[in-house]
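Worksheet for the structure shown next.
As the structure lists them, so they are numbered: ligands from 1, and atoms in each ligand from 1. Predicted model, so just to flag it, every value in this text is computed and none were measured.
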Amino acid sequence: MSKVHSKYVCQSCAYESTRWMGKCPNCDAWNSFVEEVTVPKTRGRHSGSVQSSNTAIPITKVPVASEPRTSTCIPEFDRVLGGGIVPGSVVLVGGDPGIGKSTLMMQVASSLRSLVVLYITGEESVHQIKLRAERLEIKPSEKLLLLAETNLDVITALLEKTNPDLVVVDSIQTMFRPDFESAPGTVSQVREATAQFMRFAKTRNVSVFLIGHVTKEGVIAGPRVVEHMVDTVLQFEGEQHYAHRILRALKNRFGSTNEIGIFEMQDKGLREVTNPSETFLAERRMGASGSTVVANIEGTRPLLLEVQALVAPTSYGVPQRSSTGFDSKRLQMLLAVLERRVGFRLGQYDVFVNVVGGVRVDEPAVDVGMALSIVSSLKDAAVDPKVVAIGEVGLGGEIRMVSQMQKRIAEASKLGFKRCIIPRRNVKFRNGEIELIEVESVEQAISKALTKT
Ligand code: TYD
Ligand code: MG
């Protein structure tokens, strides 16, 4: 009889301890320890002498794997993966509950009509999945197999039997091994379930998509080790109250991590957004103060967005600073620059900023635009609606160069903008009719962009 051990495991970093602790000494998380009971394995994998036919080989002798990627027929999804699904890869798809992960994976699964896809659901019944498929108006296919199961032993046996080309696991937190005593969703269960699907994917060269929930802190529930184990981590994000959804690669062993896919949630499922700039600017109020259009680059794609600011006198002692979709530290920095370098007194004002459409930007190239919106709202003077502002703001109040200027200008020109505020030092690219306004400082940008001051 093997002895049963009990240990306490931090649910955010998998740190183990023999006793309960309020704060994890490894990752500083509070209240993250959960008791987990494990039965040690009786069969040791490394017992006795190791016999293996494995040898080291020169890199030149390694055959080039020209594995063709499988296209999903959803270009936005393929792009984020780096050009399609790589056989044998394990992809974790994370996101808040209700954001549309199951919908996305159902659409992907059904678009791969030539492959046998096994959709394992641990959260919904097969009837619910069927209802969703009907709502999505998916053409029924004999090759799309549904399985409502959470027991990994049963799943392993069924994987052998059905021999699928692609597996979707919805969600990894519901899967459990019956010989582990800890509850599904705990670190040991999630880690073990991931390891089991990894082994299956690698030995059979079958791609596996694992759906994972995100905790309220914004990390994929379960230990970080799961993110380290899988080949690709995709994040599906968006504001619950907006229809736009952005799929982002946080980690990708088979492609770049800065590509995004943009979708819109409609009543018949997710639709790709092929002209995102137009969509995001559709509701802009021309000539309103506190609004500027910026050119952001996501991966290789330019995206025109509206950044808004509202500056209002403080009614309480401490002025509020609040930002949605924009880094709050960056906002503090911009306010300090406007205060110290340009001379605006903002200490008596609340400042709210927002990136329209539920999009999050973290590129410094939108700094100038944000600064213009703030000043525009403060002075109640509109920013020229035909202007796109591009440039990073430095601590000295200077406008600094940004990369990929050509793409940004081309996008602005395509959408009918007439003027572009750009950093003086940037390489110039003429594009059609667009007028380039070179600026060196925030002050200059303000005087050129604001219609009346
Ligand atoms: P779902 O894929 O179940 O989310 P997750 O798996 O990430 O928890 O989708 C949840 C939301 O999407 C739900 O609130 C309803 C909405 N939705 C639509 O608006 N249109 C649709 O066609 C579908 C299937 C869902
Ligand atoms: Mg779901």
Side-chain angles (χ1 to χ4, degrees), residues 72-74 76-77 80-81 90-112 117-141 144-150 152 155 166-176 184-185 189-190 193-194 197 208-222 226-227 230 232-250 260-274 276 279 357-360:
T72 58
C73 306
I74 305 177
E76 293 288 302
F77 190 77
V80 180
L81 285 176
V90 179
V91 181
L92 180 65
V93 183
D96 291 324
I99 205 79
K101 302 178 294 297
S102 305
T103 309
L104 177 70
M105 287 323 299
M106 192 66 208
Q107 283 181 256
V108 169
S110 63
S111 67
L112 296 162
V117 181
L118 178 63
Y119 194 106
I120 305 171
T121 164
E123 302 196 336
E124 294 163 292
S125 66
V126 289
H127 298 287
Q128 282 172 298
I129 302 280
K130 168 87 181 173
L131 281 177
R132 179 183 285 120
E134 277 179 356
R135 188 168 168 192
L136 298 172
E137 294 182 351
I138 283 167
K139 263 196 261 143
S141 158
L144 179 54
L145 309 171
L146 304 181
L147 168 69
E149 184 58 71
T150 51
L152 281 167
I155 290 170
L166 189 116
V167 180
V168 178
V169 181
D170 189 359
S171 65
I172 190 70
Q173 277 101 357
T174 55
M175 302 294 143
F176 75 100
Q189 288 285 12
V190 172
T194 309
F197 285 113
V208 177
F209 284 83
L210 307 173
I211 293 179
H213 292 299
V214 166
T215 61
K216 56 181 182 308
E217 286 86 32
V219 294
I220 293 169
V226 173
E227 287 183 38
V230 299
T232 303
V233 179
L234 304 183
Q235 173 106 334
F236 203 37
E237 57 189 38
E239 294 280 329
Q240 286 267 329
H241 308 290
Y242 289 95
H244 296 120
R245 300 283 182 270
I246 293 181
L247 187 69
R248 213 181 270 280
L250 300 183
I260 62 163
I262 304 176
F263 298 87
E264 195 180 334
M265 181 64 94
Q266 296 185 337
D267 54 352
K268 291 192 180 111
L270 293 156
R271 190 187 61 88
E272 294 176 88
V273 177
T274 42
T279 316
V359 185
R360 178 168 57 85

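- Atom CG of L146 and atom CD1 of I129 lie 6.5 Å apart (nearest 0.5 Å).
- In terms of modelled atom types and a separation under 3.5 Å, the side chain of E76 and the main chain of E272 share no donor-acceptor contact.
- A donor-acceptor distance shorter than 3.5 angstrom exists from the side chain of Q107 to the backbone of L270, with no hydrogens or angles considered.
- Residues satisfying the side chain to side chain contact (heavy atoms under 4.5 Å, CB included) criterion with Q128, sequence neighbours excluded, are E124, S125.
- With sequence neighbours left out, R135 forms a salt bridge (Lys or Arg N to Asp or Glu O under 4.0 Å) with no residue at all.
- A donor-acceptor pair is defined here as one N or O able to donate and one able to accept, closer than 3.5 Å; no such pair exists between the side chain of R245 and the backbone of F236.
- A distance-only check finds no donor-acceptor pair linking the side chain of K101 to the backbone of I211 [under 3.5 Å].
- Proximity of a side-chain donor or acceptor of T103 to a complementary backbone N or O of G269 within less than 3.5 Å is not detected.
- When V233, V169, T232, L210 are each tested for a side chain to side chain contact (heavy atoms under 4.5 Å, CB included) with V90, only one passes: L210.
- Protein N/O/S atoms found under 2.8 Å from the Mg ion (ligand 2): S102 OG.
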Between ligand 1 and the protein, find all N/O pairs closer than 3.5 Å and give the distance for each.
| from | atom 1 | to | atom 2 | distance (Å) |
| --- | --- | --- | --- | --- |
| ligand 1 | 2 (O) | S102 | N | 3.3 |
| ligand 1 | 2 (O) | T103 | N | 2.8 |
| ligand 1 | 2 (O) | T103 | OG1 | 2.5 |
| ligand 1 | 3 (O) | R132 | NH2 | 2.7 |
| ligand 1 | 4 (O) | G100 | N | 3.1 |
| ligand 1 | 6 (O) | S102 | N | 2.9 |
| ligand 1 | 6 (O) | S102 | OG | 2.6 |
| ligand 1 | 7 (O) | I99 | N | 3.4 |
| ligand 1 | 7 (O) | G100 | N | 3.0 |
| ligand 1 | 7 (O) | K101 | N | 2.7 |
| ligand 1 | 7 (O) | K101 | NZ | 2.9 |
| ligand 1 | 8 (O) | G98 | N | 2.8 |
| ligand 1 | 9 (O) | T103 | OG1 | 3.4 |
| ligand 1 | 20 (N) | R135 | NH2 | 3.4 |
| ligand 1 | 20 (N) | Q266 | O | 2.7 |
| ligand 1 | 22 (O) | D267 | O | 3.0 |
| ligand 1 | 22 (O) | G269 | N | 2.7 |

